[in-house]
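Data first, discussion second: the structure below is written as structure tokens.
These values consider heavy atoms only, across backbone and side chains, with no hydrogens, waters or symmetry-generated copies.
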Number of protein chains: 2
Amino acid sequence: MKPRHGHISDGCRPISEVLSLIGNKWTSLIITRLIEGPMRFNELKRQVHGISQKVLTASLRALERDGFVERTEHPTVPPSVEYRLTPFGRELAEPLLTLTRFAAINGERMEAARAAYDEGHDTPPPGTEPRRKPLGLRLN
Amino acid sequence: MKPRHGHISDGCRPISEVLSLIGNKWTSLIITRLIEGPMRFNELKRQVHGISQKVLTASLRALERDGFVERTEHPTVPPSVEYRLTPFGRELAEPLLTLTRFAAINGERMEAARAAYDEGHDTPPPGTEPRRKPLGLRLN
DNA sequence: CTGAATCCTTAGGGATACTG
DNA sequence: CAGTATCCCTAAGGATTCAG
């Protein structure tokens, strides 16, 4: 996900950029994991449940490019690469945590609101499903 | 956009939900606009530059479903519909603004970081473009 | 004015296999 | 271990048209 911008309007552009940055479903999880401290690739992959290595690589590259994450390659064999937040990255982590906390706290409230909404609206008679998407996601 | 979750891991699920919520490129802009006060559909559409009617409708539905936005339909002709943040929505708006401010303030820093990164890496020799996407976005 | 319905393109991202 | 390279598929979301 790198629309990265779009001519939203000059005022909104950078905002949209950052938002789409954290919106790519994984970066925020990555960053919040990295707050704890530097981490190696596979360690990070294990901590961010469900992410594929392809996407993890891509996300880290993006974060590195934007100056939020620093990549340190140790010339050992087998390779060892460490990722750490830059100072800039830690600045971003702050507001991100704020949001993360909000989510953690209000998760069920959202669930409830949805349930209520779905009920009040065209809830297909039970037994007449197809309901909402089965969605085919899987864990690692 | 309703991936809305995915079995990220039980701890991260609500977080991912909220993040994907704001990640859909428009919702955060919508919410921050609605902080100013209730707004009608087309007024909102004008304020959120570049959004299509379809997407605005969909985003508002999603926000309504999640309990962040309230929809009030005035039975006039022609129709007049007002959207306003719920108290819950205003709670979400807080941390969203934090992020929004970060973006506004650090926009150029990101630009700079990217420029630096792109330069230090495989910058294709000038004249040999195709460089980065032309990307075909347009304003309203 | 508010929105629903359609069509269509793009890219995010999952799965899998291969490499230094 | 830390990636790169492919294939492929779904969904986000533009553009356009129709309707109450």
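- For B/R40, the salt bridge (charged side-chain N to carboxylate O under 4.0 Å, His left out) criterion is met by no residue, not counting sequence neighbours.
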Check the interface with nucleotides 3-7 of chain D: list each N/O to N/O pair with the protein under 3.5 Å, or write none.
{"unit_1": "D/dG3", "atom_1": "OP1", "unit_2": "A/R71", "atom_2": "NH1", "d": "2.2"}
{"unit_1": "D/dG3", "atom_1": "OP2", "unit_2": "A/R71", "atom_2": "NH1", "d": "3.4"}
{"unit_1": "D/dG3", "atom_1": "OP2", "unit_2": "A/Y83", "atom_2": "OH", "d": "2.5"}
{"unit_1": "D/dT4", "atom_1": "OP1", "unit_2": "A/R61", "atom_2": "NH2", "d": "3.0"}
{"unit_1": "D/dT4", "atom_1": "O4", "unit_2": "A/Q53", "atom_2": "NE2", "d": "2.6"}

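- Put simply, CD1 on A/I51 is 14 Å from P on D/dA2, counting in whole angstrom units.
- In this structure, B/R40 reaches the C/dT2 phosphate: one of its side-chain N or O atoms is under 4.0 Å from OP1 or OP2.
- Remark: B/F41 engages no residue in a ring-ring contact (aromatic ring centres under 6.0 Å, His included) (not counting sequence neighbours).
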Side-chain atoms of residues 89-98 of chain A: list all donor-acceptor pairs with protein atoms under 3.5 Å, sequence neighbours left out, distances to 0.1 Å.
{"unit_1": "A/R90", "atom_1": "NH1", "unit_2": "A/L85", "atom_2": "O", "d": "3.2"}
{"unit_1": "A/E91", "atom_1": "OE1", "unit_2": "B/R109", "atom_2": "NH2", "d": "2.8"}
{"unit_1": "A/E91", "atom_1": "OE2", "unit_2": "B/R109", "atom_2": "NH2", "d": "2.9"}
{"unit_1": "A/T98", "atom_1": "OG1", "unit_2": "A/E94", "atom_2": "O", "d": "3.2"}

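- With sequence neighbours excluded, the residues forming a salt bridge (charged side-chain N to carboxylate O under 4.0 Å, His left out) with B/E82 are B/R84, listed by chain and number.
- Rounded to a whole Å, the CG atom of A/L44 is 14 Å from the P atom of D/dC1.
- Here the P atom of nucleotide C/dC1 and the NZ atom of B/K45 are 11 Å apart, to the nearest Å.
- Nearest approach of B/R33 to B/M39, heavy atoms of both residues: O-CE, 3.3 Å.
- Annotation: side-chain contact (heavy atoms from CB on, under 4.5 Å) contacts of A/V55 (sequence neighbours excluded): A/W26, A/I51, A/S52, A/S59.
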